[in-house]
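Comments concern the structure below.
Each ligand, and each atom within it, is numbered from 1 in the order the structure gives. When reading the values below, keep in mind they use all heavy atoms of this one structure, side chains included, and skip hydrogens, waters and symmetry mates. Given the structure is predicted, the values throughout are model-derived calculations rather than measurements.
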Amino acid sequence: MSISTNLDEIQNNIKNIKDELSINRDITLIAVSKTVDSQRVLEAYNHGQKEFGENKVQELVKKYEEINNSDVIFHMIGHLQTNKVKYLVNKVKLIQSLDRLSLLKELEKRGKNNNYIFNCLIELNLAKEESKTGLHEEDLLELIEKIEECEFVKVKGLMTVAPYYEDLEKVRVYFRKLKNIYDDLANKNFKNINMEYLSMGMSHDYKVAIEEGSNMIRVGTSIFGERNYN
Ligand SMILES: *Cc1c(COP(=O)(O)O)cnc(C)c1O
């Protein structure tokens, strides 16, 4: 299947779910382009796809420079090492993987040095899977308190990578949980925290995620095919 056919199919699926459930909100599709070369990113872009997700800073910066088109928008969705933060100034719409205090500190510092605001999503690891990064729910308040002290970091929502289950009803539980936290935070008055994006849902579970309130899905395999890590 070609990239454009795949994109059409996913947009169609999104439309169908929206129609079925009478959902009015916009749902942003992030094409996850990790391991995918710039040429294929451009192929997707030429078919109307604007936003892309990368999980490695070096790879993101390389494509950003190769593509050199401010209309192609990148998101950092992978684990972010503090020593790589500086390379992301001016290059990403959202850092979706804010998951710890040390990273927050570094973002604030680099933001201040460059007079640049980092827009972020807090990544939560609701199932506390050891193989995954992401903040545990009980540490959320502490991080939020520190975010409120920042000048160069703004939080625009939440992100999660749900545990993998064949049985999507088991996955649904985590999406529902994240939506509850999202609604809870949206009802509070924070200076630096505004709930705009609920980033949840990947190739195998995005339909359930949308049913549970996602407005941003991150899809790789279903657009670009199986990844080749060589
Ligand atoms: C790789 C990745 C995705 C996309 O996963 P697919 O199963 O290929 O759709 C989404 N989110 C994150 C954080 C990822 O690392």
Side-chain angles (χ1 to χ4, degrees), residues 1-14 17 27-37 40-41 43-44 49-63 73-81 84 88 92-100 103 119-136 155-168 170-172 174-175 178-179 182 197-230:
M1 288 283 238
S2 72
I3 290 169
S4 43
T5 313
N6 293 340
L7 282 169
D8 287 346
E9 192 183 323
I10 292 162
Q11 290 295 1
N12 241 325
N13 289 340
I14 295 173
I17 303 166
I27 293 166
T28 303
L29 171 63
I30 309 284
V32 177
S33 47
K34 60 195 189 200
T35 76
V36 172
D37 62 31
R40 291 167 75 222
V41 171
E43 196 179 326
Q49 180 61 35
K50 299 241 153 124
E51 304 195 35
F52 296 87
E54 290 286 340
N55 70 336
K56 293 209 168 86
V57 172
Q58 249 161 324
E59 196 179 334
L60 188 156
V61 170
K62 179 165 180 267
K63 285 175 210 176
I73 294 164
F74 285 99
H75 294 248
M76 177 61 192
I77 63 170
H79 179 65
L80 178 53
Q81 290 172 265
K84 303 267 171 70
L88 292 180
V92 287
K93 176 169 171 181
L94 290 173
I95 289 174
Q96 301 204 7
S97 45
L98 172 55
D99 64 352
R100 61 195 193 280
L103 178 57
N119 290 310
C120 302
L121 307 183
I122 297 174
E123 180 185 359
L124 281 165
N125 178 355
L126 293 173
K128 298 187 181 172
E129 289 177 285
E130 283 185 19
S131 59
K132 289 197 182 112
T133 55
L135 188 74
H136 291 183
V155 166
K156 303 280 181 187
L158 303 178
M159 186 272 254
T160 201
V161 178
Y164 184 88
Y165 289 113
E166 287 282 332
D167 178 0
L168 290 169
K170 289 188 179 159
V171 184
R172 185 187 299 279
Y174 294 99
F175 292 148
L178 194 69
K179 174 68 160 66
Y182 180 87
Y197 302 108
L198 182 56
S199 176
M200 56 186 197
M202 309 175 22
S203 288
H204 95 288
D205 58 15
Y206 71 84
K207 291 179 195 175
V208 186
I210 293 171
E211 287 169 6
E212 294 302 326
S214 167
N215 64 11
M216 180 171 272
I217 60 175
R218 309 175 311 269
V219 178
T221 312
S222 295
I223 295 173
F224 297 109
E226 291 295 331
R227 281 180 286 275
N228 184 348
Y229 285 94
N230 298 325

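Contact annotation for Arg227 and ligand 1: only side-chain heavy atoms (C-beta onward) come within less than 4.0 Å of the ligand. When non-hydrogen atoms are compared, ligand 1 lies under 4.0 Å from the side chain of Val32 (C-beta onward) but not from its backbone.
Under the 4.0 Å criterion applied to side-chain N and carboxylate O atoms, Lys207 and Glu211 are not assigned as salt-bridge partners. A salt bridge links Glu212 with Arg172; the closest basic N to acidic carboxylate O contact falls under 4.0 Å.
Nearest-heavy-atom check against atom 7 (O) of ligand 1 across Gly53, Ser203, Gly220 picks out Ser203. For the residues Met159, Glu54, Met202, the heavy atom positioned nearest atom 3 (C) of ligand 1 is part of Met202.
With rounding to the nearest 0.5 angstrom, the CG atom of Leu98 is 12.0 Å from the CE atom of Met76. Note that NE2 of His136 is 9.5 Å distant from CG of Asp99, once rounded to the nearest 0.5 Å.
Note: no N/O pair closer than 3.5 Å links Asn55 and ligand 1 by distance alone. When only interatomic distances are considered, the shortest N/O to N/O separation between Lys34 and ligand 1 falls below 3.5 Å.
Contact atoms of ligand 1 toward Val161: 13 (C) (distance under 4.0 Å to a heavy atom of the residue). Atoms of ligand 1 lying under 4.0 Å from at least one heavy atom of Thr221, given by number and element, are 6 (P), 7 (O), 8 (O), 9 (O). Within the listing of ligand 1, atoms 9 (O) sit less than 4.0 angstrom from a heavy atom of Val219.
Ranking protein heavy atoms by distance to atom 12 (C) of ligand 1, first place goes to Ile77 CD1, 3.5 Å. From the protein, the heavy atom lying nearest to atom 11 (N) of ligand 1 is Arg218 NE, 2.9 Å.
When each of Glu54, Gln96, Lys93, Arg218 is paired with His75, the side chain to side chain donor-acceptor pair (under 3.5 Å) condition holds for Gln96 and for no other.
Listed here is the closest heavy atom pair of Leu121 and Lys156: CD2-C, 3.6 Å.
Side-chain atoms of His204 and Leu168, non-hydrogen and from C-beta on, do get closer than 4.5 Å to each other.
Side chains of Glu226 and Thr221: no donor on one and acceptor on the other come within 3.5 Å.
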